[in-house]
Structures are given as structure tokens and as C-alpha cells.
Amino acid sequence: MGDPLHTVSTLPTARRPGCPFDPPEELLEARRHGPLSSYTFPGGHVGWLVTGYDLIKSVLSDPRFSSRREFMRHPTVDYGGLQLPPVPPGEFLLMDDPEHSRYRKPLMGKFTVRRMRLLTERVEQITAEHLDAMEESGPPADLASAFAKPVPAMVICELLGVPAADRPSFQAQFESFMDAEAQDEDAATAYTATRDRLGELVAAKRAQPTDDVLSELTDSDLTDEELQGMALVLLAAGLDTTANMLALGTFALLRHPEQLAALRADPGLADRAVEELLRYLSVGKTFMRTALEDVRLGGRTVRAGSSLILSYNTANRDPERFTDPHVLDFRRQDGGHVAFGHGIHQCLGQQLARVEMRVGFPALVDRFPSLRLAVPAEEIVMRTELSDIHGVKSLPVTWDA
Ligand code: HEM
């Protein structure tokens, strides 16, 4: 028998004051004890907390660990023994193969080089339009609502082919979907309303296809309900993540002036800056899996039915994988973060997300050379750890007009 097993009984709801970018201390402490800890879920189920980089990758490559929603427990909320229903057709993020790949495969074929090129041009235009509007209204501004949230929402409208006239209302719908904190009533209402709007869009594309991902998919054996679910996955996975990378990433840049100066001096550094911000911030912080059978993992036996919390943010700060893991360094040599996951569910939209950030950060810092926080850093209101995605609630910024 190896070292005694470290046990974690509650996850924190907030990060350490003054350390908005670092994972909660309890998770870092768990990683110091080893890559695998025992975790007691609300309601008493004894499962696992995986904090090590290598171990998380091995879970993500192993089909004995399931992503299906009906097996899941929430890490911090007790459902009182209730089992969640399976996800509706098309919502493949929370499915296993072969069902999962039935939806993922046709979508992969739609993220072509041609489409990425067209989207890059549109991302540049959309970014410039939002920076123009922000500049025109003058300082101060909330960078989250002026830039970080609307840009990814507009990009998803492009991807799905939302007609120009409907974009403002779709965008408002998408933003309410993003703003709803996990588990509250607003989240359920926003989910249903968004799903309904996507259903209308699918029907419109079926009737009159245009040049977009959704229209192309109508030319397949997928039903309208399945397409609606797939569109919803693109939104759920692609909006809040990118919006928070842009807002939290700007906050991180402003708190690391030497890195910001390096990016300003050399826009060619943007690709590496984006990868490092992805690693350092890990906005998609934890994901769940369930063991379908008994599995030996990290020297322990994970029993069938056990729930595992995979802490992508501590994996990306694992000292056995990254040198000086808590330092933000755009010139670091050790790449290979898991901010986009790994294995069969690895982020499908990662190239698009990269484009949005590679265009967004340099354009922002170029447009506003004197950009700075409009309030002391300690007053920036962060999302709680109960949110699925880490980030800021708003980011008040100012500049010399
Ligand atoms: C899956 C992160 C942007 C579409 C994932 C996963 C992560 C992730 C960690 C894997 C979840 C798991 O292991 O269960 C991110 C981050 C983003 C981003 C950090 C922004 C910086 C996007 C964008 C899109 C997108 C822009 C598309 C428009 C997807 C889809 C999946 C996914 C469809 C599900 C893949 C599957 O289940 O096979 N993303 N994502 N993501 N992402 Fe992203």
C-alpha cells in the first residue's frame, strides 16, 4: 500500500482573495498530496477528485469513464438521490460513443479550412466593430459587456447562420444563457428559451438553407430535434468559455504588465500568449466522469458507479508537468495544456476559439494603449466556484481618450 489517501470533503465556493487567477487553495493542496484524492460528494457518495495532469489525461483517454449525464452527480449540489435524465437528442457533450460520435463526426467535417478562413475575416470585422463602439462611447467601459460577451455571441450567430435582422434578439438570448449561474431557476428558463429559438432556426434552415454549418447539416439524416441539440452544444460549450477567456484574459494581462508589454512589442507573440493564457486561466475548470466498471487508477481501485471530478485547472498548474506552473510566461517552452480537454470530447471549436483570442487580444491592446482597470483589482467581482466556467462578472476598464 502506498501513501495514505488524501481526503477532501467540501469544495470551496470562492477562490483566495487577491488570487483571482489561481485555482482554489484546497485543490492545490490536494494536488500536493498526490494526483488522486478521495472526495465525499454532498449526499454522502464517496468518489474521487483527480488533480494531476497525467492522471486526468489517462481518465480522458479511457472509455471506461463515462460522460453521460444520467450517471452524474454534481460536485457541490445534493440532488437528494435523484438521477438526472439522459440529455435530449444531439447534446453529445454528455454522451458516450458510439452515440456521441454520431453527432460529433458530421460537425467536425463542417469546421473546414475554408470556413475557418471566412470566419477569421468575420471575427476581425466583428472585433473591430465592437472596439469602435467601445471607443466611441468613451471611457470608462465594462469590457465584458462591451467586448468579451458580444464578440463570441456574434461569431456563433455567423457559424449557425442567424439572419442579420434576428441577430440582436439572438445575441440578447445567448447572453442571458451565459449570465445564468449554474443551478438557479434563471438557468433553466434561459436554457428552454434558447433551445426554442434554436428550434425555430433549424426549421428556417431546413426550409431555406444558406451558407452556414446548420444549413449544411440539414442535408443529412439528422432530425430537427437532433440539430437543435447539436446547436445548443455549440452554444453551451463555445460562448461562455470564449467570453470569459477574453474578459479574464484581459484582466490577467492588465495584472501582468511585463507580459502585456511583451505582447504589445511583438504581436507575433499572440499565438503563444493565447496558449499560455488558456493554461494559466483554465476557465473550464472542472468536468465530471463516472466509472462504468472497476478501474485501477493511480494505484487505487475506482469502483464502478463512482463519480470523478477532473480538475483541469490544477492539471494545468501541475508542477510535475509545468516549470513554475503559477507563473504566467508567454515565452514558456512547455506547452500541452488540457484547457481544451483531451480524448474523444476534446474541444471541437478550439481552432475557432483560438482565432477569436488571437485576433481579440492584439486588437484590444493596440486600440487602447493606455487601457487599465477602472477600479482597484480587489474590487473586480469574480464568478463563484459554483459557476461551470471561471471568470469575472464584469470588468470595468478605462483609458486616456
Ligand atoms: C468541448 C473548452 C471554445 C465547442 C470542450 C471541452 C473543453 C472545452 C475543456 C471538453 C469537455 C469535456 O472534457 O467533457 C473550451 C474553451 C474554449 C472553448 C476553454 C474557449 C476558449 C469553444 C468554441 C466552440 C466549442 C468556440 C464552438 C463554437 C465545443 C464542443 C465541445 C467542446 C462542441 C464538445 C465536444 C465533444 O463532446 O465531443 N471545450 N471550449 N468550444 N467544445 Fe469547447
Side-chain angles (χ1 to χ4, degrees), residues 19-23 53 116 119-121 123-124 126-128 130-131 134 143-144 146-149 151-152 155 238-285 312-313 315-318 321-342 346-347 349-373 377 380 382 389-392 395 397 399:
C19 297
F21 312 121
D22 292 344
Y53 179 94
M116 291 310 295
L119 280 172
T120 303
E121 285 167 20
V123 170
E124 285 164 354
I126 292 167
T127 301
H130 285 82
L131 293 178
M134 192 169 128
L143 187 109
F147 177 69
K149 284 186 202 173
V151 168
V155 173
L239 264 188
D240 213 8
T241 42
T242 316
N244 279 291
M245 270 308 298
L246 288 171
L248 190 64
T250 303
F251 186 17
L253 282 174
L254 295 175
R255 296 296 285 157
H256 294 83
E258 70 302 335
Q259 298 300 314
L260 175 56
L263 179 63
R264 276 211 170 100
D266 176 10
L269 200 59
D271 293 8
R272 288 167 72 186
V274 163
E275 294 314 305
E276 176 65 346
L277 285 167
L278 281 161
R279 179 195 74 83
Y280 183 72
L281 299 172
S282 291
V283 295
K285 45 199 171 100
Y312 289 16
N313 56 0
N316 279 333
R317 299 289 191 99
D318 189 334
R321 176 64 181 73
F322 299 101
T323 312
D324 296 330
H326 304 305
V327 174
L328 178 75
D329 176 7
F330 295 162
R331 297 194 187 278
R332 76 164 51 245
Q333 298 299 322
D334 43 4
H337 61 73
V338 285
F340 286 126
H342 179 74
Q346 193 182 50
C347 183
Q350 57 186 283
Q351 293 315 340
L352 181 56
R354 286 186 167 108
V355 168
E356 291 182 58
M357 291 181 282
R358 285 171 184 172
V359 169
F361 289 125
L364 175 72
V365 302
D366 184 50
R367 179 72 69 100
F368 301 104
S370 58
L371 191 73
R372 56 191 181 273
L373 295 177
I380 302 290
M382 307 300 298
I389 305 295
H390 185 48
V392 291
L395 191 72
V397 292
W399 60 91

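Taking the side chain to side chain donor-acceptor pair (under 3.5 Å) definition, one finds that H337 meets it with E275, sequence neighbours left out. Among residues two or more places apart in sequence or in another chain, the ring-ring contact (aromatic ring centres under 6.0 Å, His included) test is passed with F251 by F21. For T127, the side-chain contact (heavy atoms from CB on, under 4.5 Å) partners are V123, L131, F147, V151, V359, A363, not counting sequence neighbours. Under the rule for a side chain to side chain donor-acceptor pair (under 3.5 Å), the partners of R279 that lie at least two apart in sequence or sit in another chain are E276. The ring-ring contact (aromatic ring centres under 6.0 Å, His included) check on Y312 picks up F287, with sequence neighbours excluded. With sequence neighbours excluded, no residue forms a salt bridge (Lys or Arg N to Asp or Glu O under 4.0 Å) with D329. Residues satisfying the salt bridge (Lys or Arg N to Asp or Glu O under 4.0 Å) criterion with D334, sequence neighbours excluded, are R332. For R321, the salt bridge (Lys or Arg N to Asp or Glu O under 4.0 Å) test picks out no residue, with sequence neighbours left out. Contacts of D366 classified as salt bridge (Lys or Arg N to Asp or Glu O under 4.0 Å), with partners at least two apart in sequence or in another chain: none. For S282, the side chain to side chain donor-acceptor pair (under 3.5 Å) partners at least two apart in sequence or on another chain are N316.
Here salt bridge (charged side-chain N to carboxylate O under 4.0 Å, His left out) pairs that include residues 262-274, with residues two or more places apart or in two chains, are D271-R358.
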Identify each donor-acceptor pair in which a side-chain atom of residues 252-263 lies under 3.5 Å from a protein atom, sequence neighbours left out, and give them as a table.
residue: H256; atom: ND1; partner: A252; partner atom: O; Å: 2.7
residue: Q259; atom: OE1; partner: F330; partner atom: N; Å: 2.9
residue: Q259; atom: NE2; partner: L328; partner atom: O; Å: 3.4

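Here the shortest heavy-atom pairing between Y280 and R317 reads O-NH2, 2.9 Å.
Under a 3.5 Å cut-off, the side chain of H390 and the backbone N or O of P20 do form a donor-acceptor pair.
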